[in-house]
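All heavy atoms count here, side chains included; hydrogens, waters and symmetry mates do not.
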Amino acid sequence: MFTKADHEYMSLALRLAEQGLYSTTPNPRVGCVIVNKGRIIGQGAHLKAGEPHAEILALRDAEAKFPNLIEGADAYVTLEPCSHFGKTPPCADALISAGIKRVIAAMQDPNPQVAGNGLARLLAAGIKTEHGLMEAQAKALNAGFISRMTKNKPFVRVKIAASLDGKTALASGESKWITGEAARQDVQHWRARSCAILTGIGTVLADDPRMNVRNIANVRQPLRVVVDSKLRISLNAKILEGGNTLIAYVSDAEGKGEGLRKAGAELIKIQSSDGRVCIKQLLSHLAERGINEVMVEAGQALNGDLLALNLVDEFIFYYAPTLLGSDARGMLAIPLIQSMQNRIQLSIIDLRQFGQDIRIITKPISNS
């Protein structure tokens with residue numbers, strides 16, 4: 001059974017892991033705290049792929065401050081220490097060499113290259129191992145990494161800004177701005193933690209968005225992905241500015257491909273039986289590129305397709321205290337539901353207010 005102190009140390013490790021919220025992709029966010037006789041002697045967080053992992057940084061911190069207390073210490077880590085050689089050596093070996101006597105992991109690593117092997121390696125070396133402490137919090141922090149490793153699919157988060165009557169734009173397509181500044185700034189943080197922003201050609205043609213992260217310093221810009229089956233996008237679209245844009249298409253009847261590539265876009269042709277981009281295939285492609293989290297900012301058609309295909313892991317709804325009327329555009333294109341028994345049910349994860357707007361985070365119950 002874990003003690004109150006165990007929870008306190010793991011809570012700190014989780015806070016450390018959050019330092020990599022915007023930067024660790026495609027790696028998971030991991031924090032580590034090293035403790036000896038009730039004293040924290042070292043701590044670290046993995047911040048960027050290719051750089052030292054959290055355990056290594058925590059050991060270095062301890063070596064600099066309390067070198068005589070490392071042997072016999074406990075290590076609290078939010079993810080099972082790795083046991084394989086990647087861009088860095090195995091963290092399990094480093095913990096063994098340092099003389100750590102006990103390792104508590106919040107969760108096992110879903111990466112098939114690790115998946116219990118790290119803890120087994122520690123155990124074989126005589127180190128006491130435990131896992132499951134604050135596991136839910138650790139999994140929430142790395143939902144995208146877990147999804148990619150276990151499903152070959154990024155974690156898909158659909159953001160929708162709407163009026164209280166559930167409308168996202170006027171019938172004309174005008175939508176700026178439904179929500180206030182505080183809610184829009186909150187969206188920037190969700191974009192920043194995402195590896196990719198996914199939108200449809202309808203949104204690009206109607207709004208000409210940039211879909212980049214703004215007002216957050218020194219942030220990695222996510223890949224911008226446009227679903228554009230027939231390559232209708234303009235060569236001057238703002239979403240192409242600065243490159244880092246992937247366009248998924250089916251056909252190029254107008255011969256725009258070369259011009260789009262010269263404009264800095266990357267194109268990927270995805271076949272589909274109905275002449276439209278296969279969203280499942282696109283998400284698999286993104287997973288293979290190391291994309292952990294995808295944020296969808298699209299119109300009702302793409303939103304509806306994702307929901308119908310059971311690909312939505314989470315919704316973020318921003319509701320503004322305004323009404324747009326029955327002729328305005330809705331959130332999701334959903335086929336007619338004939339019975340209340342067939343309604344789509346959601347589980348509310350979080351609810352809070354930003355200025356005058358309300359943010360509700362939900363999960364489709366089938367994906368909870």
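- Taking the side chain as every heavy atom from C-beta outward, I197 and L223 never approach each other to under 4.5 Å.
- Between V312 and N303, every side-chain heavy-atom pair lies at or beyond the 4.5 Å cut-off.
- Remark: D305 CG to I334 CD1 distance equals 11.0 Å, nearest 0.5 Å.
- In this model, a donor atom of one side chain and an acceptor atom of the other lie less than 3.5 Å apart for T3 and D6.
- Screening V225, V204, T199 for a side-chain contact (heavy atoms from CB on, under 4.5 Å) involving M211 leaves a single residue, T199.
- Shown are D186, T322, I178, T179; of these, the side-chain contact (heavy atoms from CB on, under 4.5 Å) with D357 is made only by T179.
- In terms of modelled atom types and a separation under 3.5 Å, the side chain of T203 and the main chain of G299 share a donor-acceptor contact.
- A donor-acceptor pair under 3.5 Å is formed between the side chain of T78 and the backbone N or O of G31.
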- [ ] Evaluate side-chain contact (heavy atoms from CB on, under 4.5 Å) for L332 paired with I344, printing each intermediate quantity in order.
- [x] CA-CA 12 Å; L332 303 110; I344 299 165; over 6 Å; no
- [ ] List the steps and the verdict of side-chain contact (heavy atoms from CB on, under 4.5 Å) for D74 and I100.
- [x] CA-CA 6 Å; D74 298 340; I100 297 295; 5.9 Å; no
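- Heavy atoms of other residues, nucleotides or ligands lying less than 6.0 angstrom from CG of L309 number more than 12.
- Linking Ile, Leu, Val, Met, Phe, Trp and Tyr whenever their side-chain heavy atoms come within less than 4.5 Å puts M331 and V227 in one cluster.
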TODO: For E80 and R121, run salt bridge (Lys or Arg N to Asp or Glu O under 4.0 Å): C-alpha distance rounded to whole Å, both residues' side-chain angles, the deciding distance at 0.1 Å, then the answer.
DONE: CA-CA 11 Å; E80 174 185 4; R121 196 164 184 157; over 6 Å; no
TODO: Show the numbers, then the answer: is there a salt bridge (Lys or Arg N to Asp or Glu O under 4.0 Å) between E18 and R15?
DONE: CA-CA 5 Å; E18 288 178 355; R15 292 196 297 275; over 6 Å; no
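- Side-chain N/O atoms of R29 and N142 include no donor and acceptor closer than 3.5 Å.
- Side-chain atoms of N292 do not come within 3.5 Å of backbone N or O of F155 as any donor-acceptor pair.
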TODO: Determine, stepwise, if the pair E130 / R102 fulfils salt bridge (Lys or Arg N to Asp or Glu O under 4.0 Å).
DONE: CA-CA 8 Å; E130 298 176 75; R102 176 177 176 239; 2.9 Å; yes
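- Rounded to the nearest 0.5 angstrom, R191 CZ and M295 CE are separated by 6.5 Å.
- A distance-only check finds a donor-acceptor pair linking the side chain of R220 to the backbone of Y22 [under 3.5 Å].
- Cluster annotation: I104 is connected to L16 through the hydrophobic network of ILVMFWY side chains, with a link wherever side-chain heavy atoms come within less than 4.5 Å.
- The environment of K153 atom NZ is dense: over 12 non-hydrogen atoms of other residues, nucleotides or ligands sit within 6.0 angstrom.
- The two residues N212 and Q188 make their nearest non-hydrogen contact at O-OE1, 3.5 Å.
- Ring planes of Y9 and Y76: tilted class, angle from 30 to 60°.
- Rounding to the nearest 0.5 Å places CG of L246 at 10.5 Å from CD1 of I239.
- Using a 4.5 Å cut-off between side-chain heavy atoms of Ile, Leu, Val, Met, Phe, Trp and Tyr, with links allowed through other members, I40 and V30 fall into different hydrophobic clusters.
- Atom SG in C195 sits 8.0 Å away from atom CZ in R148 (nearest 0.5 Å).
- S23 contributes a side-chain N or O that, together with a main-chain N or O of L47, makes up a donor-acceptor pair within less than 3.5 Å.
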- [ ] Just do the side-chain contact (heavy atoms from CB on, under 4.5 Å) check on E266 and I247 with the steps written out, would you?
- [x] CA-CA 6 Å; E266 178 185 354; I247 303 175; over 6 Å; no
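- The two residues S163 and Y319 come nearest to each other via the heavy atoms O-CD2, 3.4 Å.
- Between the side chains of R224 and T245, at least one donor-acceptor pair of N or O atoms lies under 3.5 Å.
- Cluster membership check: L133 does not share its hydrophobic cluster with I34, using side-chain heavy-atom separations under 4.5 Å among Ile, Leu, Val, Met, Phe, Trp and Tyr.
- Of the possible donor and acceptor atoms, none in the side chain of R39 sits under 3.5 Å from a partner among the backbone N and O of N36.
- Using a 4.5 Å heavy-atom threshold, the side chains of M149 and P112 count as touching.
- At least one donor-acceptor pair under 3.5 Å links the side chain of S229 to the backbone N or O of V277.
- For D313 (side chain) and R157 (main-chain N/O), no donor-acceptor pair under 3.5 Å exists by modelled atom type.
- The closest donor-acceptor contact from the side chain of S194 to the backbone of A196 lies at 3.5 Å or more, if one exists at all.
- Put simply, the side chain of S147 never gets that close to the backbone of A143: no donor and acceptor are under 3.5 Å apart.
- Separation of atoms CG (D327) and CG (L324) is listed at 11.0 Å; rounding is to 0.5 Å.
- With a 6.0 Å radius and a threshold of 12 heavy atoms from other residues, nucleotides or ligands, E71 has its CD atom at or below the threshold.
- The neighbour count for R214 CZ, taken as heavy atoms of other residues, nucleotides or ligands under 6.0 Å away, is above 12.
- How far CG of L57 is from CD of Q43: 11.0 Å, rounded to the nearest 0.5 Å.
- With a 4.5 Å cut-off on side-chain heavy atoms, D350 and I360 do not count as touching.
- Clustering ILVMFWY residues whenever any of their side-chain heavy atoms sit less than 4.5 angstrom apart, transitively, puts L12 in a cluster other than the one holding L69.
- Scanning all heavy atoms of the two residues, the minimum distance from D252 to G257 falls at OD2-N, 2.9 Å.
- Side-chain contact between Y249 and K230 is absent, with no heavy-atom pair separated by less than 4.5 Å.
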Open item on the list: Assess the residue pair L79 and M107 against the criterion (side-chain contact (heavy atoms from CB on, under 4.5 Å)); give the C-alpha distance rounded to whole Å, side-chain angles, the decisive distance to 0.1 Å, and a yes or no.
Closed with: CA-CA 5 Å; L79 184 70; M107 60 175 286; 3.7 Å; yes
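- Considering all non-hydrogen atoms of both residues, A98 and I70 come closest at O-CG2, 3.6 Å.
- Heavy atoms from other residues, nucleotides or ligands lying under 6.0 Å from CD of Q221 number more than 12.
- Between R184 and E181, at least one side-chain N (NZ, or NE/NH1/NH2) sits under 4.0 Å from a carboxylate O, which counts as a salt bridge.
- Using a 4.5 Å cut-off on side-chain heavy atoms (C-beta onward), P52 and R60 make contact.
- Side chains of T362 and E314 form no contact here, defined as non-hydrogen atoms less than 4.5 Å apart.
- Two residues are said to be in side-chain contact when any heavy atoms from C-beta on lie closer than 4.5 Å; I358 and Y318 fail this criterion.
- When all heavy atoms are compared, the tightest approach of A192 to I216 is CB-CD1, 4.0 Å.
- Across every non-hydrogen atom of P81 and C91, the tightest pair is CB-CB, 4.2 Å.
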